[in-house]
S.K.: 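Have a look at the structure that comes next, please.
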Amino acid sequence: MRTVICPGSFDPITLGHLDIITRSSKMFDKVIVLVMTNHLKKNSYSFSAEERIEMIKLCTKNLPNVEVDTYDGLLADYARQKNAIAIVKGLRAVSDFEYEFQQALINKELNGDVDTVFVTTRAENMYLSSSVVKHICSLGADISKFVPPEVAQKITQRIRRGVEK
């Protein structure tokens with residue numbers, strides 16, 4: 001079985017994330033969407049890991065070969081534990097590549113059995129990020145064009161409530 005990992009913080013999941021997950025599910029036997037903690041952002045998450053997992057599960061319920069998990073250690077170690085053949089990373093622009101390429105080299109050094117597969121985003125998602133979604137939502141804009149419909153209301157309620165405080 002060809003298992004891959006789609007890691008990220010997914011705070012919150014966007015249509016860009018969902019596109020990469022969906023396309024990966026067509027290329028590989030099993031996709032593990034891995035909610036990870038970016039320790040540089042640890043105190044700035046809008047949603048708990050459990051809430052992010054719940055939102056991803058809602059958005060991927062129609063993808064039978066996708067599962068969702070969380071991990072707070074090294075991605076290379078998790079990939080080894082799950083016998084993953086690859087880590088799938090979405091790329092929006094050339095600016096993403098330098099950071100992601102460095103991470104791919106580190107993961108390969110830590111786990112020689114795992115490769116990184118880069119999947120380019122669709123043009124309509126090139127500008128999209130969780131940070132952009134949270135920012136425009138906090139300013140009162142409609143985010144329904146940027147996030148899966150299953151989670152749009154939850155995201156809006158959380159982000160706008162956080163702004164009102």
Side-chain angles (χ1 to χ4, degrees), residues 1-122 125-126 128-134 146-148 150-151 154-155 158-159:
M1 178 178 287
R2 296 172 309 144
T3 299
V4 298
I5 301 166
C6 285
S9 54
F10 305 101
D11 187 48
I13 187 169
T14 68
L15 290 174
H17 293 131
L18 188 56
D19 175 52
I20 298 298
I21 294 165
T22 301
R23 290 164 55 205
S24 296
S25 76
K26 294 174 183 174
M27 291 186 268
F28 300 101
D29 300 319
K30 180 178 178 182
V31 177
I32 302 172
V33 180
L34 188 62
V35 174
M36 300 194 73
T37 300
N38 180 334
H39 293 279
L40 299 174
K41 298 180 184 178
K42 194 169 189 170
N43 296 320
S44 65
Y45 286 117
S46 298
F47 298 91
S48 70
E50 293 76 19
E51 290 172 314
R52 289 178 272 155
I53 288 168
E54 178 187 320
M55 286 191 285
I56 296 166
K57 284 182 176 179
L58 273 173
C59 299
T60 60
K61 66 181 179 267
N62 64 331
L63 302 172
N65 63 331
V66 172
E67 69 178 55
V68 186
D69 199 3
T70 186
Y71 190 70
D72 197 28
L74 288 171
L75 179 56
D77 291 341
Y78 183 87
R80 185 178 293 110
Q81 292 170 20
K82 297 297 182 175
N83 296 315
I85 63 164
I87 297 164
V88 175
K89 299 295 295 210
L91 293 178
R92 293 172 292 201
V94 174
S95 56
D96 286 345
F97 180 76
E98 186 175 352
Y99 173 79
E100 296 298 351
F101 184 66
Q102 181 182 32
Q103 294 302 307
L105 293 174
I106 290 168
N107 286 321
K108 189 67 170 175
E109 186 65 31
L110 295 172
N111 179 350
D113 294 328
V114 70
D115 288 307
T116 299
V117 175
F118 296 111
V119 178
T120 56
T121 188
R122 296 188 190 284
N125 297 321
M126 286 185 70
L128 198 50
S129 71
S130 295
S131 298
V132 166
V133 167
K134 288 189 285 190
F146 311 121
V147 299
E150 298 90 343
V151 297
K154 180 178 181 127
I155 294 167
R158 172 66 53 85
I159 301 303

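Values reported hereafter were calculated over all heavy atoms of this structure, with side chains retained and with hydrogens, waters and symmetry mates removed. Owing to the predicted nature of the structure, the values given are computational and were not obtained by experimental measurement.
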S.K.: Flag the pair Arg52 / Ser9 as yes when at least one side-chain heavy-atom distance between them is below 4.5 Å, and no otherwise.
M.R.: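 Yes; the side chains approach each other to less than 4.5 Å.
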
S.K.: For Met36 and Gly73, work out which heavy atoms get closest and say how close.
M.R.: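 Met36 and Gly73 have their closest heavy atoms at CE-O, 3.4 Å.
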
S.K.: Going by ring pair (Phe, Tyr, Trp, His ring centres under 6.0 Å), name the residues that satisfy it together with Phe146, two or more places apart in sequence or in a different chain.
M.R.: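 Phe146 satisfies ring pair (Phe, Tyr, Trp, His ring centres under 6.0 Å) with no other residue.
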
S.K.: Give the minimum heavy-atom separation between Asn111 and Ala76, together with the two atoms involved.
M.R.: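 That closest heavy-atom pairing would be ND2-O, 3.1 Å.
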
S.K.: Does any pair with a residue in residues 4-18 pass salt bridge (charged side-chain N to carboxylate O under 4.0 Å, His left out), and if so which ones, sequence neighbours excluded?
M.R.: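 Every pair satisfying salt bridge (charged side-chain N to carboxylate O under 4.0 Å, His left out) with a residue in residues 4-18: Asp11-Lys134.
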
S.K.: Determine whether a donor-acceptor pair (N or O, by modelled atom type, separation under 3.5 Å) exists between the side chain of Thr70 and the backbone of Val35.
M.R.: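 Yes; judged by distance alone, with no hydrogens or angles, the pair exists.
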
S.K.: For the residue pair Pro12 and Ile155, what are the closest heavy atoms and their distance?
M.R.: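 Minimum heavy-atom contact is CB-CD1, 3.5 Å.
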
S.K.: Find the distance between CG (Leu110) and CG (Leu75) and round it off to the nearest 0.5 Å.
M.R.: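 Taking CG in Leu110 and CG in Leu75, the distance rounds to 9.5 Å.
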
S.K.: Kindly check if the number of other-residue, nucleotide or ligand heavy atoms within 6.0 Å of CD (Glu109) is above 12?
M.R.: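 12 or below, so no.
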
S.K.: Within the structure provided, determine whether Tyr71 and Gln81 are in side-chain contact (heavy-atom separation under 4.5 Å).
M.R.: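 They are in side-chain contact.
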
S.K.: If you look at every heavy atom in Ser46 and Glu51, which pair is closest and at what distance?
M.R.: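 So the two residues come closest at O-OE1, 4.5 Å.
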
S.K.: List, one per line, each side-chain donor-acceptor pair under 3.5 Å for residues 82-94, sequence neighbours excluded.
M.R.:
{"unit_1": "Lys89", "atom_1": "NZ", "unit_2": "Glu100", "atom_2": "OE1", "d": "3.2"}
{"unit_1": "Arg92", "atom_1": "NE", "unit_2": "Asp96", "atom_2": "OD2", "d": "3.1"}
{"unit_1": "Arg92", "atom_1": "NH1", "unit_2": "Leu128", "atom_2": "O", "d": "3.1"}
{"unit_1": "Arg92", "atom_1": "NH2", "unit_2": "Asp96", "atom_2": "OD1", "d": "3.4"}

S.K.: Quick one: CZ on Arg23 to SG on Cys6, what's the gap to the nearest 0.5 Å?
M.R.: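 The distance works out to 10.5 Å.
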
S.K.: Is the backbone N or O of Leu63 less than 3.5 Å from a side-chain atom of Thr60, with the two atoms forming a donor-acceptor pair by type?
M.R.: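 Not a single qualifying donor-acceptor pair exists.
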
S.K.: Looking at every non-hydrogen atom in both residues, tell me the closest pair between Val147 and Ile13 and how far apart they are.
M.R.: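 Answer, listing the atom of Val147 first, then Ile13: CG1-O, 3.7 Å.
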
S.K.: How close do Pro148 and Leu18 get, heavy atom to heavy atom, and via which atoms?
M.R.: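 In terms of heavy atoms, the two residues are closest at CG-CD2, 3.8 Å.
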
S.K.: With a 3.5 Å cut-off and sequence neighbours excluded, list the donor-acceptor pairs that the side chains of residues 112-122 form with protein atoms.
M.R.:
{"unit_1": "Asp115", "atom_1": "OD1", "unit_2": "Lys108", "atom_2": "NZ", "d": "2.9"}
{"unit_1": "Arg122", "atom_1": "NE", "unit_2": "Asp19", "atom_2": "OD1", "d": "2.9"}

S.K.: Can you name the residues that form a ring pair (Phe, Tyr, Trp, His ring centres under 6.0 Å) with Phe10, not counting sequence neighbours?
M.R.: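 With neighbours one apart ignored, the set is His17.
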
S.K.: Got a list of side-chain donor-acceptor pairs under 3.5 Å for residues 25-33, not counting sequence neighbours?
M.R.:
{"unit_1": "Ser25", "atom_1": "OG", "unit_2": "Thr22", "atom_2": "O", "d": "2.7"}
{"unit_1": "Asp29", "atom_1": "OD2", "unit_2": "Arg2", "atom_2": "N", "d": "2.7"}
{"unit_1": "Lys30", "atom_1": "NZ", "unit_2": "Glu67", "atom_2": "OE1", "d": "3.3"}

S.K.: Let me confirm one number: the CE-CD1 distance from Met55 to Ile53, rounded to the nearest 0.5 Å.
M.R.: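 CD1 of Ile53 is found 10.5 Å from CE of Met55.
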
